[in-house]
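In the text below, chain A, chain B and the rest are named by the order of the sequence lines, each starting its count at 1.
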Amino acid sequence: MQVIRDDGSLDSKLDPGLSVDEVIALYKAMVRTRIVDDRLERIQRQGRIAFHVGSLGEEAAIVGAAAALRDRDWIVPCYREVGALLWRGYPLQRYVDHMYGNADDPVHGRQMPDHTFSRPHRYLAVSAPIGTQIPHAVGLAMAAKKRDLDECVGVFFGDGATSSNDFHAAMNFAGVFQPPVLFLCRNNGYAISLPVERQTATRTIAEKAAAYRVPAARVDGNDALAVFGAVREGVQRAANGGGPTFIELLTYRVGGHSTSDDPRIYRSEEEVDAWRDADPILRLRKHIEHRDVWNDDLDSDWRTVCDLEVKACVRRAEQKPAPELGEMFTDVYAEQPWHLREQQARSLGGPRAAAEEDES
Amino acid sequence: MQVIRDDGSLDSKLDPGLSVDEVIALYKAMVRTRIVDDRLERIQRQGRIAFHVGSLGEEAAIVGAAAALRDRDWIVPCYREVGALLWRGYPLQRYVDHMYGNADDPVHGRQMPDHTFSRPHRYLAVSAPIGTQIPHAVGLAMAAKKRDLDECVGVFFGDGATSSNDFHAAMNFAGVFQPPVLFLCRNNGYAISLPVERQTATRTIAEKAAAYRVPAARVDGNDALAVFGAVREGVQRAANGGGPTFIELLTYRVGGHSTSDDPRIYRSEEEVDAWRDADPILRLRKHIEHRDVWNDDLDSDWRTVCDLEVKACVRRAEQKPAPELGEMFTDVYAEQPWHLREQQARSLGGPRAAAEEDES
Amino acid sequence: MTEMNLVQAINSALRGALREDENVLLMGEDIGTLGGVFRVTQGLREEFGPDRVLDTPLSETGILGTAIGMALHGLRPVSEIQFADFIYPGFDQLVSEAAKYRYRTAGEFHVPMVVRTPYGGGIRGGQYHSQSPEALFIHTPGLKVVCPSNPYDAKGLLLEAIEDDDPVIFFEPKRVYRAVKMDVPDTTYRVPLGEGKVVRAGEQVTCLAWGAMLYEAFSAAEEVAKEGVDVEVIDLRTLWPLDIETITSSVKKTGRLVIVHEAPRTCGFGGELVALITERAFLHLEAPPVRVTGWDTPFPLTHEREYLPLVHRIAPVLLETARY
Amino acid sequence: MTEMNLVQAINSALRGALREDENVLLMGEDIGTLGGVFRVTQGLREEFGPDRVLDTPLSETGILGTAIGMALHGLRPVSEIQFADFIYPGFDQLVSEAAKYRYRTAGEFHVPMVVRTPYGGGIRGGQYHSQSPEALFIHTPGLKVVCPSNPYDAKGLLLEAIEDDDPVIFFEPKRVYRAVKMDVPDTTYRVPLGEGKVVRAGEQVTCLAWGAMLYEAFSAAEEVAKEGVDVEVIDLRTLWPLDIETITSSVKKTGRLVIVHEAPRTCGFGGELVALITERAFLHLEAPPVRVTGWDTPFPLTHEREYLPLVHRIAPVLLETARY
Ligand SMILES: Cc1ncc(C[n+]2csc(CCOP(=O)(O)OP(=O)(O)O)c2C)c(N)n1
Ligand SMILES: Cc1ncc(C[n+]2csc(CCOP(=O)(O)OP(=O)(O)O)c2C)c(N)n1
Ligand SMILES: [Mg+2]
Ligand SMILES: [Mg+2]
């Protein structure tokens, strides 16, 4: 399914009917996500942060889907969806502080970079194990249903995650209990080095949903409006008590899996180049230019704004100290039990403090 | 798919072409399985064995499938398929000894009843966790393929097992690696108390196979010849390098889940009665009577033979002593390490031996 | 007060929690229509309906994974895993997700869930219906682990666990399910987590046990009392976080420690208890702390009474330790 | 002899096994075309083809479950789990199936498989790329657990593990992967399982460590040597079944024991080691055996060097113990 035609016009049958302002907001958010991504990748390469996992080429799938969810809906992320969190107004400074694991990192430096979360933004917590978040989304949606709330849940995951235990369990529970959940599968062609053709034998990912009797759609994930339309439809189904929807967002991971990866080992430049041409940001830009509400000046202005913003955040993040050592020992439980009190005391006091200095 | 018509004649298009001797052998094996089952259930109710899990009503699905596999093919059981093991010539005495966990139990009383296995019969080991055997079957078949052997693997599991992690992983690996494996799903309507309609939202189990691009068939599991035909076709596909096949065997668990279960709590007598009428043994008997190669006398003779055989086995099993205590400590590893040697010594010697007497 | 066995007391706790807090809900395999394979949830689906007592598909990953999602939304799901032996398919959700959610969100999210599961041997359940995997969960920071031995404690601890804001693994000694009866209040009283209980005061040896083995430890203590050895028996009740005070002061008094558990010996909780106490009361120890445990084999069937650390294995060790 | 780091030594072991035994095959995520995320299997798919070096779908259940099936057929699969933290989705297959298959068939079937997995902290991997879950496997009867500290041992132990007829979990200290180089024979030599190694002889304190922490223990021993404290450092190499002889006799000599491990303290292998030695050498102990370990929290990122039991935490404990 594709909505934006090559010339930037829309397929009127599929046009989700966004206003100019809405489309521009979507475009701007995608660009901002890309610029943040670029910057983080660059500073990672300079060794200033430990790691980054980006969304280059997948911005339409991520931001487009987030835009189609309502504020009261929950987002359950995989790890590439910070664009969705920023879309919801999460402060960029907070994100960059997290990337540095500094004293203002909301998770006190306990997690690897790109492990975001935010209750106010109804955005659950990234964790590294693949697939584990999918049943959480189903449970969250079951809870919303039980409490008779008009909320639904959108859960992101990759093509690789469809092989996980959790995908299977979550899809089956969704089929059986019919909660208001949207399965948003970013099929970006790879799970690290494994191409999706060797991840599973099916021709599409979407057809897996039938095994759980969950209705499915398959859309061009590089077409922000197609993504928006499909997700909005799923939200409506969910809100009307129609239960779960599965959406395959066909896209491509243009960058490496993460900054630790070297994709040249397992795929050709030509393959990547073809997808560069299908860039989701270029595509949406064509549309807003076609609508005559965007031009080069506006574009470079916006890019400058984003660039300055992220650079300022980085600058500030770098000046902040590390989190307190004591924060290593809290939040294991609601109240700190005796053994962690003891361990914290042991860690902070004694001959270690001195020895530590020489160490690093 | 059904092969035996109500009058006992065959649908000639689907007739798998078994000789009279072959059909009679199949029938006799099903009857023998039923009689063994009955007897074990009875002695369990008398408290003479701890537990039994039977196959009442599922004999066609089990023995029919086993008959369609070749001797060199592997059977990977769930826990209701002792009929398949007996079909392969496993000594009944050995099975009954196992049911008693006595000194001649091949597993030395280490496992619950009905946890059989036999390498000579190419029959893997029953284990209780649901679904775990399914990837074993895929791995076994991958090994056969790698070694270029003309072997395939038939793995049994229930409708409930399709919800397990292992089912999903195994099916996906089978789709990707295309080993010669047959997934034999006994859809007997229940997973303990949960009806299959609440196990999953799909209308059939067979349609799940499409999610892994594994070809599937759905047959009347109470029609031994339909089962035979479908499984034989799967064997041929596998032997010809055509990879995996999924077969849903539609049947019904007429008895309780096991001797520990009381099915009256969760289903009606009427429901069960309807399925009693669809008895797979009656159905096959109608066919051989239709062929004029069977009659009441032959039938009651055979039943008497089976009954005497199992009673004799039970009698002998009851006379055998318990396994040696020392057998608790072997076979944890190929060689017994120091800590198990010590534990065995401690368990056998000392003041315990005496105290033990008072205890029981 | 009503005389209840363990099954009834747990049922009573669940009923009380369901009545008092609409956020509580139960889920698991066969817990609804059937009332659970041990009938622990009998009658609850009838009283509270299928939206609060969910019969789930056969997937521990699904049960525990969706329970986490519900808990993140503010419900208080109580999941049943049919046998502790079948918790492993959902193990990842417990150790990677439930246990770490609070820490990895600095408390912004937390997972108030309880996982009830019958554990242990003695019912002729063989390898897969007899295991005692508590050590795996005690080793996982972020989880609490509870194991009552009797109906009164079970009800009070379960109610407390459901109210607790952290994930609690609640092990139920299935061997005791119908074997012990006692008067249990009809109210929704609480027994706090983290408090052990001295069930027999004594001066010469401290014996730690929990769940089904508590009775064996107790009987062994009574038995050796006849030979003049005075054993203090402590029921841990909460395995983690442990009631370190009660235990340490007991051992400081007796100077001798025997630990009893069903799980395999190696890397079981007994080893941890020995280490903890040796660290804290080394100079008080007059004999080596010892463990009477399940053997390092899979759980067997025919010889299960030889596998389990029953009275006949405990009593001689108490004697030896007292006379060391 | 070739100078190799740990990655190269393991690669060399795998290559040797693949060459010498056609039953050996490798499987795992990203191990083929990519050569593994740590490049441990680099070049092997090219040399041995995709039928012997399998890139699998993203499923630890699938990897371990099918590996068991292959092993039951007589192959010797060596699976890679990309990080030890991701072994939990396949945990059930290891503890319920691989570990128990021999026992539950009285030896008629067995599962000769190896599971290689990088473990431990120190590479800024945070909660999910730093864990050390060895205790869970040591607690499971039927599994063997190996953890080499250096290239020579790694190659020899891995070759032995592949030949072993029981399932072996082979933990690779990823912090050491490229940090240590040494001469390694080009032959397929073996280092037997179950044998620890005294890497520094000493008279006053016995210090047990393995994997990456061995270096920390060793350095701490050197450090306290300057203050006149003479520490014997033992590299366990095989964690289970343990080399009980070497350890016990060392402690009988020194009377003092310090154990170092990265895993969380509670119910870690350290507790078991304390218990084992206290049982066997109680009257020789002149100080309480102590543990220097990871804390009982999820593995953190920023403060990982505070979480790990590095030299600066070990040395003071060695001193205290020596002077107790
Ligand atoms: C259970 C588990 N196994 C392995 C990994 C290592 N790993 C991290 S990301 C990844 C690939 C994920 O691919 P996909 O789901 O397609 O998401 P994408 O990265 O393409 O967005 C793997 C194998 C993991 N994180 N968790
Ligand atoms: C992992 C796991 N969870 C739960 C159980 C308990 N249990 C035993 S049999 C069973 C139902 C299995 O149903 P199905 O797969 O349909 O097989 P059937 O008994 O109908 O042949 C359950 C839930 C188990 N054995 N393993
Ligand atoms: Mg992907
Ligand atoms: Mg069934």
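- Taking OH from B:Y333 and OG1 from C:T297, the interatomic distance works out to 10.5 Å, rounded to the nearest 0.5 Å.
- Two residues are said to be in side-chain contact when any heavy atoms from C-beta on lie closer than 4.5 Å; B:H108 and C:L301 fail this criterion.
- Of the possible donor and acceptor atoms, none in the side chain of C:H129 sits under 3.5 Å from a partner among the backbone N and O of B:A128.
- Looking at every heavy atom in both residues, B:A50 comes nearest to C:R124 through CB-NE, 3.6 Å.
- Note: C:D296 leads C:T56, C:I123, C:D296 in heavy-atom pairs under 4.5 Å with chain B.
- Interface residue C:Y307: backbone and side-chain heavy atoms are both found under 4.5 Å from chain B.
- Neither the backbone nor the side chain of B:Q336 comes within contact range of chain C, judged by heavy atoms closer than 4.5 Å.
- Residues B:I192 and C:Q82 form a side-chain contact, since some pair of their non-hydrogen atoms from C-beta on lies under 4.5 Å apart.
- Contact tally against chain C (heavy-atom pairs below 4.5 Å) for B:R198, B:M328, B:H339: the top residue is B:M328.
- Neither the backbone nor the side chain of B:T162 comes within contact range of chain C; no heavy atoms are under 4.5 Å apart.
- Taking OG of B:S164 as the start and CZ of C:F86 as the end, the distance is 12.5 Å to the nearest 0.5 Å.
- Between the side chain of C:T302 and the backbone N or O of B:G101 there is at least one donor-acceptor pair closer than 3.5 Å.
- Side-chain contact between B:D262 and C:R39 is present, with heavy atoms from C-beta onward closer than 4.5 Å.
- Atom CD of B:E318 has more than 12 heavy atoms from other residues, nucleotides or ligands within 6.0 Å.
- At a threshold of 4.5 Å between non-hydrogen side-chain atoms, the residues B:P129 and C:Y88 do not count as touching.
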query = Does the side-chain contact (heavy atoms from CB on, under 4.5 Å) test come out yes or no for C:R265 and B:Q343, once each step is laid out?
reply = CA-CA 10 Å; C:R265 178 183 200 75; B:Q343 292 180 18; 3.6 Å; yes
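- Within the model, atoms CD of B:E327 and NE2 of C:H303 stand 7.0 Å from one another, a figure rounded to the nearest 0.5 Å.
- More than 12 heavy atoms of other residues, nucleotides or ligands sit less than 6.0 Å from atom CD of C:E222.
- Taking both residues in full, the closest heavy atoms of B:S163 and C:S59 are given as O-CB, 3.6 Å, listed atom of the first, atom of the second, then distance.
- The shortest heavy-atom contact between C:P298 and B:V332 is CD-CG2, 4.1 Å.
- Ring planes of C:Y128 and B:H115: parallel class, angle under 30° (limits at 30 and 60°).
- The closest donor-acceptor contact from the side chain of B:Q199 to the backbone of C:L58 lies under 3.5 Å.
- Heavy atoms closer than 4.5 Å to chain B are found nowhere in C:Q42, neither backbone nor side chain.
- The part of B:L340 that comes within reach of chain C is its side chain, from C-beta onward, which places non-hydrogen atoms under 4.5 angstrom from that chain.
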| request: Give the intermediate values and the outcome of side-chain contact (heavy atoms from CB on, under 4.5 Å) for residues B:R110 and C:F299. | output: CA-CA 8 Å; B:R110 292 176 190 154; C:F299 199 102; over 6 Å; no
Trace of the side-chain contact (heavy atoms from CB on, under 4.5 Å) decision for B:H257 with C:L34 = CA-CA 12 Å; B:H257 169 71; C:L34 182 63; over 6 Å; no
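- Ranked by heavy-atom pairs under 4.5 Å with chain C, the first of B:P323, B:G160, B:A322 is B:P323.
- Atom CD of C:E29 sits about 9.5 Å away from atom OG of B:S193, to the nearest 0.5 Å.
- Contact tally against chain B (heavy-atom pairs below 4.5 Å) for C:G126, C:A315, C:S130, C:P300: the top residue is C:P300.
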